[in-house]
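In what follows, a structure is listed as structure tokens, so that the remarks can point back to it.
Every heavy atom of this structure was used, including side-chain atoms; hydrogens, water molecules and symmetry mates were not. Below, chains carry the letters A, B, ... as their sequence lines are ordered, and counting in each starts from 1.
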Number of protein chains: 2
Amino acid sequence: MQRAALELFLANGYDATPTAAVARAAGVSEMTLFRHFASKEALLLDDPYDPQIAEAVAGRPAEERPMRAVVEGIRAAWRDVDPDDAAHLRTRLRIVAEAATLRGALERNSEATVAALTDALITRGVAASAARVAATAVIAGLSTALLDWARSDRDDLGAVLGRALDTLGGG
Amino acid sequence: MQRAALELFLANGYDATPTAAVARAAGVSEMTLFRHFASKEALLLDDPYDPQIAEAVAGRPAEERPMRAVVEGIRAAWRDVDPDDAAHLRTRLRIVAEAATLRGALERNSEATVAALTDALITRGVAASAARVAATAVIAGLSTALLDWARSDRDDLGAVLGRALDTLGGG
DNA sequence: CTCGCAATGTTAGTCACTAACGTGCGGGTG
DNA sequence: CACCCGCACGTTAGTGACTAACATTGCGAG
């Protein structure tokens, strides 16, 4: 179904594609579609952003302040990413960037990642409130950087991401 | 209408209150309600977060890095806030915190603030992409801090905010 | 072969939001 | 004072995402 959805979203745009059309294209009923995906958004954004990021954060030097620990953890975790995935990611982000109703969809969708990061920080001894703040902020900043990258096809993803992380870390 | 909406949201919860009920309570038709407020969310979140924050950011010392400039700008702008507004803010944030469908509503609603902050950073000579990243991240972090504050009635707002800003600034 | 379960379909509904169009009312102009 | 213009509001009907209740089908285990 995701494949059918992507094709339709690319061809007609996200907002102009009713879930009924996706269901029909995938050869299932609308009900079944919603049994597999919690929402229309999930058709685009369903892939679990690695909880392995959390490990990388937990393993950072103890003296690092929360923002920097998260930033450097993500930077480290990023090195194991398949370039094929990046290309796929880009087409999906393009769809997100062009759909008015998807503002904030990335952030909403990465609640799991935020939770994992928050826990990782807490086990490092960071206060719960500060942990949540730092995790949310970094993910939000990262999301906008990814969207910018998807819109302009100039830079390669690694460089864009690196600069965003520099900014977030206070650089 | 906002007053009627707030009362109903408090009594029954946001998700369980149809816009039809709000309209009826306010003595208008549903159509009229949507002519005054762009969405159901707007009934809760319609107040424009100060663009005067932008000034404070623009006025920060030139050598400060983007994250710190935003954080310190907000800290400075915060000093002029009426405690009555804070109390009102709290009840509204409580409603937001309890409504599942309002995840990310604060961030979405403060797009104007993010844009103002981004512009302020750009006039300071920060690259556009970095500016957007920093502004988004700080607002997102701040939003989660505000929500945490609204949920637990322990601290006073100033202290919570101060700690969140410390975290975001790399402290 | 059949029983049981799981995945899928059908139907009907709710809720946010919109488009098209009609109506009343107050205020300036003749 | 009569008229008309425009604006705010109402009504009706619809779209689109999502859900609940219930029927149905397919398929492996006994």
Side-chain angles (χ1 to χ4, degrees), chain A residues 1-48 92-112 143, chain B residues 1-48 92-112 143:
Chain A
M1 311 188 186
Q2 265 178 325
R3 227 167 52 86
L6 271 193
E7 282 166 20
L8 287 175
F9 292 164
L10 271 175
N12 315 326
Y14 178 86
D15 289 324
T17 307
T19 54
V22 175
R24 187 155 25 84
V28 297
S29 85
E30 214 176 332
M31 261 278 35
T32 2
L33 189 156
F34 278 108
R35 268 197 271 260
H36 289 293
F37 297 90
S39 66
K40 189 183 177 184
E41 285 184 13
L43 284 164
L44 255 186
L45 306 171
D46 215 21
D47 75 331
R92 292 186 330 192
L93 287 181
R94 286 242 173 86
I95 298 172
V96 174
E98 275 168 18
T101 58
L102 287 179
R103 289 294 144 75
L106 282 189
E107 291 86 335
R108 225 174 306 144
N109 194 252
S110 44
E111 260 184 63
S143 297
Chain B
M1 309 187 186
Q2 264 176 327
R3 227 168 50 85
L6 271 193
E7 283 166 20
L8 287 175
F9 292 164
L10 272 175
N12 314 327
Y14 178 86
D15 289 324
T17 306
T19 54
V22 175
R24 186 154 24 84
V28 297
S29 85
E30 214 177 333
M31 263 272 41
T32 329
L33 189 155
F34 279 108
R35 267 198 271 260
H36 288 293
F37 297 89
S39 66
K40 189 183 178 187
E41 285 185 13
L43 285 165
L44 255 186
L45 305 171
D46 217 21
D47 75 331
R92 292 186 329 190
L93 287 181
R94 286 242 173 85
I95 297 172
V96 174
E98 276 167 17
T101 57
L102 288 178
R103 289 295 146 75
L106 282 189
E107 290 86 334
R108 224 174 306 145
N109 195 254
S110 44
E111 260 184 63
S143 297

Just the rounded figure in Å: distance from [atom2] of [N] to [atom1] of [X].
| X | N | atom1 | atom2 | answer |
| --- | --- | --- | --- | --- |
| B/L102 | C/dA16 | CG | C1' | 13 Å |
| B/E30 | C/dC15 | CD | P | 10 Å |
| B/L44 | C/dA16 | CG | P | 13 Å |
| A/F34 | C/dC15 | CZ | C1' | 14 Å |
| A/L43 | D/dA17 | CG | P | 10 Å |
| B/D15 | D/dA17 | CG | P | 19 Å |
| A/F37 | D/dT19 | CZ | P | 15 Å |
| A/E41 | D/dA17 | CD | P | 12 Å |

Q.
Tell me if the CZ atom of B/R94 is crowded by more than 12 foreign heavy atoms within 6.0 Å.
A.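 Yes, enclosed.
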Consider the side chain of [X], meaning its heavy atoms from C-beta on, and name the nucleotide among [options] that approaches it most closely.
| X | options | answer |
| --- | --- | --- |
| B/P18 | C/dA16, C/dT8, C/dC17 | C/dA16 |
| A/K40 | C/dA16, C/dG9, D/dC18 | D/dC18 |
| B/M31 | D/dC18, C/dG9, D/dT12 | D/dT12 |
| A/H36 | C/dT8, C/dT11, C/dA16 | C/dT8 |

(Q) At 4.0 Å (heavy atoms only), tell me whether B/T17 reaches a base, stays on the sugar-phosphate, or touches nothing. (A)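 The answer is sugar-phosphate, as B/T17 gets under 4.0 Å only of primed atoms, P, OP1 or OP2.
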Measuring only between side-chain heavy atoms, which start at C-beta, is [X] closer than 4.5 Å to [Y]?
| X | Y | answer |
| --- | --- | --- |
| A/R92 | A/L45 | no |
| A/T19 | A/F34 | yes |
| B/E41 | B/N109 | no |

**Q.** Pair A/R3 + A/E7, salt bridge at N-O below 4.0 Å
**A.**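 A salt bridge is present here (some side-chain N lies under 4.0 Å from a carboxylate O).
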Q: Taking only the side-chain nitrogens and oxygens of B/T19, find out if one of them lies under 4.0 Å from OP1 or OP2 of C/dA16.
A: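 Yes, B/T19 has a side-chain N/O under 4.0 Å of OP1/OP2 on C/dA16.
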**Q.** Phosphate-side-chain proximity, A/T32 and C/dT8, N/O vs OP1/OP2 below 4.0 Å
**A.**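 So the side chain of A/T32 is outside the cut-off, no N or O lying under 4.0 Å from OP1 or OP2 of C/dT8.
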